[in-house]
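Working notes for the structure below.
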Amino acid sequence: MFFKLEQTDTKSKARVGVVETDHGKIETPIFMPVGTQGTVKAVTQKALEEDIKAQIILGNTYHLYLRPGTELLEKAGGLHKFMNWKKPILTDSGGFQVYSLAKLRKMKEDGVEFSSHLDGSKHFFTPEKVIGIQRSIGSDIMMVLDECTPYPCDYDYAKKSMELTSRWAILNRKAFLETEPLYGHKQAQFGIIQGSVYKDLRMQSAFELGKLEFEGYAIGGLAVGEPADKMYEIVDFTTNVMPVDKPRYLMGVGRPENILEAISLGVDMFDCVMPTRNARNACLFTSNGVVSMKNAMYKDDFAPLDENCDCYCCKNFSRAYLRHLFVANEILALELASIHNLTFYLNLVTEARRRIKDGTFAEWKAERVITLSRNINSL
RNA sequence: GUGGGUGUAGCUCAGUUGGUUAGAGCGUCUGGUUGUGGCCCAGAAGGCCGUGGGUUCAAAUCCCAUCACUCACC
């Protein structure tokens, strides 16, 4: 069995479960560090495994297809071997790049035509092609090609787009079922529910994708600029119409408090660039709130970044040193900050899992979301 | 010593024939960042325009002196 639901919270919709892959199990709720180009930026695989204790990381089909390309990935024996990462990998399909690189793309019934952001060369992605690329990558979990709608998005476009994503989902699933893994380990496939902020569209999307019996289901098209309350409302609605016995993945979310809220609404898996991207920009997450590490107030602050954190950065270095590294634009700043933020995220979901199990999740969450969302600098 | 050049924000420099509150880039300071281009965006602080005189209704701008730096030649 791919997913085992172990327990459901009594006071919320939060759940704990286990995803089984040939590269090991993933205990949910889980946060997945983003490693778009076959690397979690500024972090070594050793740190990912030993310090951060990541159970699964992300790769990106669009980016890996453009560079280094499927031919090289196959020659390397797949992405796991290429990057020496022995745990599970999930690959996003490129659907989000259709959205985020919209200036370079053209949607068609069969797929999406886009110009490479690297050299301008033209490419055409179809559901079949995207599955083929993800076979070459060898990810444990692959995502279907979808269209991620922007926010705001009018109803008619959201409906058209969702229906296109549904038609593509059929082709995605067919291509998946008719092809074989290349490297001897099993691969699973997740469908992506779209429908913007419209509940009837979300329901229709969930229903149509549900028929295709994916191994898991994602909620896409959120965290694209809508208010947090609207996101929660749609997540709350959508998890009600998603299969109970399949993992649920909220794509691209989010801030620590967003993740806790979504866990309470029944989501199992998350990914977000925020801990790594913000880390590189000196924006760090702590148990007391957000910190801008370049701020002058830390110039001679020799305390650890977060006294409640057991990560490599907090156990060994001071705020003053971190700030110095950032101001001097030193590479180590990026590494230490990324290790800290990712450890913080992984610790957060691990704690959530423990709290769900012992029945104290709801109270704990209510207190944490307030603390986590504040900016320490302005206290 | 003689002749030339340059002095404007922390740095590098714009600044029209004299004309409102002297600008830019970088840096500094403060926010932002949601299926990643170490990206990008927003806001703020910061000037006795080398110094002293003069001309003018009005001078960063024109004139004189002076100081500093710099180049060339003796």
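Worth knowing before you read on, the calculation uses all heavy atoms, side chains too, and leaves out hydrogens, waters and symmetry mates. Naming: A, B, ... by sequence-line order, numbering from 1 per chain. Not measured: the values here are computed from a predicted model.
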Closest listed nucleotide, where the reference is the side chain of A:L118 and the choices are B:rG37, B:rG35, B:rU33: B:rG37

All side-chain contact (heavy atoms from CB on, under 4.5 Å) counterparts of A:E257, not counting sequence neighbours: A:R255, A:V369, A:L372, A:S373

Mutual orientation of the aromatic rings belonging to A:F125 and A:Y62 [parallel < 30°, tilted 30-60°, perpendicular > 60°]: perpendicular

Dot-bracket line, read 5' to 3' along RNA chain B, where crossing pairs take [ ] and | marks a partner on another strand, Watson-Crick or G-U under 3.5 Å: (((((((..((((.....[...)))).(((((.......))))).....(((((..]....)))))))))))).

P atoms of B:rU21 and B:rU2, separation to the nearest Å: 42 Å

Pairwise C1' distance for B:rG15 and B:rG25, with rounding to whole Å: 15 Å

Fellow cluster residues of A:I131, listed by chain then number, with links counted only when side-chain atoms sit under 4.5 Å apart: A:M142, A:F176, A:L177

Test item: side-chain donor near acceptor, A:S161 and A:E147, under 3.5 Å: yes

Members of residues 189-212 of chain A that approach RNA chain B, where some heavy atom sits under 4.0 Å away: A:I192, A:Q194

Any N/O donor-acceptor pair, A:N281 side-chain to B:rG32 base, under 3.5 Å: yes

Please produce a list of atom pairs where a protein N or O lies less than 3.5 Å from an N or O of nucleotides 42-46 of chain B.
none

Atom P, compared across B:rC64 and B:rG5: separation rounded to whole Å: 12 Å

Cluster companions of A:L182 among Ile, Leu, Val, Met, Phe, Trp, Tyr (side-chain spacing under 4.5 Å): A:Y183

Interatomic distance at P, B:rG52 relative to B:rU61, whole Å: 13 Å

For nucleotides 26-29 of chain B, tabulate all protein N/O to nucleotide N/O atom pairs closer than 3.5 Å, reporting atom names and distance.
| unit_1 | atom_1 | unit_2 | atom_2 | d |
| --- | --- | --- | --- | --- |
| B:rC29 | OP1 | A:R323 | NH2 | 2.4 |

Criterion ring pair (Phe, Tyr, Trp, His ring centres under 6.0 Å) against A:F317, the qualifying member of A:Y298, A:Y312, A:F302, A:F326: A:Y312

Of residues 220-257 of chain A, the positions that come close to RNA chain B - non-hydrogen atoms, cut-off under 4.0 Å: A:G221, A:A223, A:M251, A:G252, A:V253, A:G254, A:R255

Main-chain N/O of A:I141 paired to A:E215 side chain as donor or acceptor, under 3.5 Å: no

Pair A:R15, A:Q7: side-chain N/O donor-acceptor within cut-off below 3.5 Å: no

Selection: residues 140-150 of chain A, any non-hydrogen atom under 4.0 Å of RNA chain B: A:D146, A:C148

Partners passing side-chain contact (heavy atoms from CB on, under 4.5 Å) against A:H324 (at least two apart in sequence or in another chain): A:Y321, A:A328

A:T36-A:N60 side chain donor-acceptor pair, cut-off 3.5 Å: no

Candidate nucleotides B:rU33, B:rG38, B:rU36, ranked by approach to the side chain of A:N60 - the nearest: B:rU36

Residues from residues 35-49 of chain A lying under 4.0 Å of RNA chain B - heavy atoms: A:T36, A:K41

Donor/acceptor link under 3.5 angstrom from A:R277 side chain onto base of B:rU34: no

Residues which pass side-chain hydrogen bond (donor to acceptor under 3.5 Å, both in side chains) with A:H23, listed by chain and number, not counting sequence neighbours: A:H80, A:D140

